[in-house]
Q: 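Okay, here's the structure, questions in a sec.
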Protein chains: 2
Amino acid sequence: MDLQLSVDRASPVPLYFQLSQQLESAIERGKLAPGSLLGNEIELAGRLGLSRPTVRQAIQSLVDKGLLVRRRGIGTQVVHSQVKRPMELSSLYDDLEAAGQRPATQVLRHTVQEATAQVAAALAVPEGTEVRLVERLRLAHGEPMAHMRNHLPVDLLAPGEAELETTGLYRLMRGAGVTLHSARQTVGARVADAAEARLLGEDEGAPLLTMQRTTYDDTGRAVEYGSHLYRASRYSFDFQLLVRP
Amino acid sequence: MDLQLSVDRASPVPLYFQLSQQLESAIERGKLAPGSLLGNEIELAGRLGLSRPTVRQAIQSLVDKGLLVRRRGIGTQVVHSQVKRPMELSSLYDDLEAAGQRPATQVLRHTVQEATAQVAAALAVPEGTEVRLVERLRLAHGEPMAHMRNHLPVDLLAPGEAELETTGLYRLMRGAGVTLHSARQTVGARVADAAEARLLGEDEGAPLLTMQRTTYDDTGRAVEYGSHLYRASRYSFDFQLLVRP
DNA sequence: TAGTGGTCTAGACCACGCG
DNA sequence: GCGTGGTCTAGACCACTAA
């Protein structure tokens, strides 16, 4: 286990973070084989000139990510299974882009209107409050993938159509200084009616995945309510879960 | 903020855990209002006779759960939005039971057979290896909810039919000393064929939610591959996400 | 018994947000 | 400037596991 670990005390990057990044990259590159022991914390601390709590903090962050497992009396091991990524709060646009699908977006509607009861409840605003409505069609390789209807508070964001066609909604929010914190989602299924089928290029009766999602910022304010339809023939939700210890 | 916090040093429960539990229950009961500040860590430590790192550990665990937010220069606040629970690796049986649905299970098949290519790949065993197959129908209020097909290594578990009808698979695994660690899931949708419709009490062409899941223990071994069908008219996946900071 | 991680202490200095 | 959380140290004792 001759890993070349080192920390730079002149760097503004926290020491524990430098160490966890080096360990993570070593695991990803296979320098640290699955199942291999990491060596005990005290020795590691001494070798790097760090205190044990700092080393523990680095290791703990990787345990939280699911890359390492600690066992009392045994040691710290690299997990065997390939942990990919937990389900992220990413936009479909970013997902598709990351998958090299060259996404495109058509803005079908972009208006301000009064919140219906359902939308008002989801955003926790009074019924009738003005909310922004963005309705988009997401395409990949020129084929429709999803129909997305998003409601958001009017004062949060005022995106131009051009931005909406080239950037995911979450990225726009982050750019506007919104710190996303959590989201509540419901995933279900139903069959397409005639209008939905026409819009998505499916036949009537084709299976669709439905998702409703309310997203909150770190103050607990609801910043977005989305109600989306995905073509089940073209899309599925794929994600990793970590068991809470 | 006159919270009655106290720790018992004679208890075997770790001090940070005692504190985090008390804070969590105070938040749940509304004793700590959303948005309220928690008071600074040093003062809190002094009041409880704990060191600051111990108090930080307690607070950090609640930040990780999404119940608190820390801001430098501001303080630690209770999050406004109601964080329920992140998606857990729970069995449908436990989910239904928790929801007071009085679930029941019919074991349709319980055999050992040679792994097909798909199952072998999911469990990371050679094709043709013997694996246990459990096929069950899950009911709630006497109505079919889901059809579940699970494959697991033969040496992992040898459940009796009675156990399978009264206990979720994950609970059986935990009882057998298996430490679940992570799972990889795919959720999609399709329409029911004639046989599926008959089994689930739906019409042909009814929408179904599909889920494939591979579960790993903490050594990285695949301990279960499941391929499940849910009636979309009766079931949807409902869960909470936390944004990774 | 020896070695590991789990917990805990009593300090220290720094970076950031606000008035 | 002041108070907050963010990071870090150099120890200590305990609980669990394996040989």
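Scope of the values below: all heavy atoms of this structure, side chains included, with no hydrogens, waters or symmetry mates. Numbers restart at 1 for each chain; the letters A, B, ... are given by sequence-line order, proteins then strands.
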Q: Heavy-atom nearest nucleotide on DNA chain D for Ile74(B) versus Arg56(B): which residue maps closer to 5'?
A: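 Upstream on the strand: Ile74(B).
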Q: At a heavy-atom distance below 4.0 Å, what parts of residues 6-16 of chain B sit against DNA chain C?
A: Arg9(B), Pro14(B), Leu15(B), Tyr16(B)
Q: Out of dG5(C), dG5(D), dT9(D), which has the shortest distance to the side chain of Arg70(A)?
A: dG5(C)
Q: Determine: side-chain N/O of Thr76(B) to OP1/OP2 of dT4(D), distance under 4.0 Å, yes or no.
A: no
Q: For the pair Gln22(A) (side chain) and Ser6(A) (backbone), establish whether a donor and an acceptor sit closer than 3.5 Å, ignoring hydrogens and angles.
A: yes
Q: Taking atom OG1 of Thr214(B) and atom CD of Gln240(A), what is their separation to the nearest 0.5 Å?
A: 9.5 Å
Q: Round to a whole Å and report the spacing from CG of Leu68(A) to C1' of dT4(C).
A: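 The answer, rounded to whole Å, is 15 Å.
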Q: Please write out each protein N/O paired with an N/O of nucleotides 12-14 of chain D under 3.5 Å, distance rounded to 0.1 Å.
A:
from    : atom 1 : to       : atom 2 : distance (Å)
dA12(D) : N6     : Arg52(A) : NH1    : 3.1

Q: With respect to the side chain of Asn40(A), which nucleotide from dG5(C), dT7(D), dG5(D) is positioned closest?
A: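 The listed nucleotide nearest to Asn40(A)'s side chain is dG5(C).
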Q: Is any side-chain heavy atom of Tyr170(B) closer than 4.5 Å to one of Thr215(B)?
A: yes
Q: With sequence neighbours excluded, what pairs up with Ile42(B) under the side-chain contact (heavy atoms from CB on, under 4.5 Å) test?
A: Asn40(B), Arg52(B)
Q: Give every donor-acceptor pair under 3.5 Å between a side-chain atom in residues 153-166 of chain B and any protein atom, sequence neighbours left out.
A:
from      : atom 1 : to        : atom 2 : distance (Å)
Asp155(B) : OD1    : Arg221(B) : NH2    : 2.9
Asp155(B) : OD2    : Arg221(B) : NH2    : 3.2
Glu163(B) : OE1    : Gly160(B) : N      : 2.9
Thr166(B) : OG1    : Ala162(B) : O      : 3.1
Thr166(B) : OG1    : Glu163(B) : O      : 3.4

Q: Treating Gln18(A) as the side-chain partner and Val13(A) as the backbone partner, does any N or O pair qualify as donor plus acceptor under 3.5 Å?
A: yes
Q: Which whole-number value in Å describes the distance from Glu43(A) CD to dG3(C) C1'?
A: 13 Å
Q: Under the side chain to side chain donor-acceptor pair (under 3.5 Å) rule, collect the residues that match up with Thr186(B), sequence neighbours excluded.
A: Asp238(A)
Q: Please report, rounded to the nearest Å, how far the P atom of dT4(D) is from the CD atom of Gln60(B).
A: 18 Å
Q: Any side-chain N or O of Thr54(B) less than 4.0 Å from the OP1 or OP2 oxygen of dT7(C)?
A: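 For dT7(C), neither OP1 nor OP2 has a side-chain N or O of Thr54(B) closer than 4.0 Å.
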Q: Could you pick out which residue, Pro53(B) or Gln57(B), lies toward the 5' side of DNA chain C when each is mapped onto its nearest nucleotide?
A: Gln57(B)
Q: Of all residues at least two apart in sequence or in a different chain, which pass the side chain to side chain donor-acceptor pair (under 3.5 Å) check with Ser20(A)?
A: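 Ser20(A): no side chain to side chain donor-acceptor pair (under 3.5 Å) contacts found.
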Q: Between atom CG in Asp64(B) and atom P in dG6(D), what is the gap in whole Å?
A: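 To the nearest whole Å, that distance equals 12 Å.
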Q: How many whole angstroms separate atom CD of Gln77(B) from atom C1' of dC18(C)?
A: 14 Å
Q: Would you mind reading off the distance between Leu50(A) atom CG and dT9(D) atom C1', rounded to a whole angstrom?
A: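 Taking CG of Leu50(A) and C1' of dT9(D), I get 10 Å after rounding.
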Q: Which whole-number value in Å describes the distance from Leu44(A) CG to dT4(C) P?
A: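 Taking atom P of dT4(C) as the reference, CG of Leu44(A) is at 12 Å.
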Q: What are the two closest heavy atoms between Arg213(B) and Gln185(B), and how far apart are they?
A: NH1-OE1, 2.7 Å
Q: Send over the distance from Leu37(B) CG to dG3(D) P, rounded to a whole Å.
A: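 Going from CG in Leu37(B) over to P in dG3(D) covers 15 Å.
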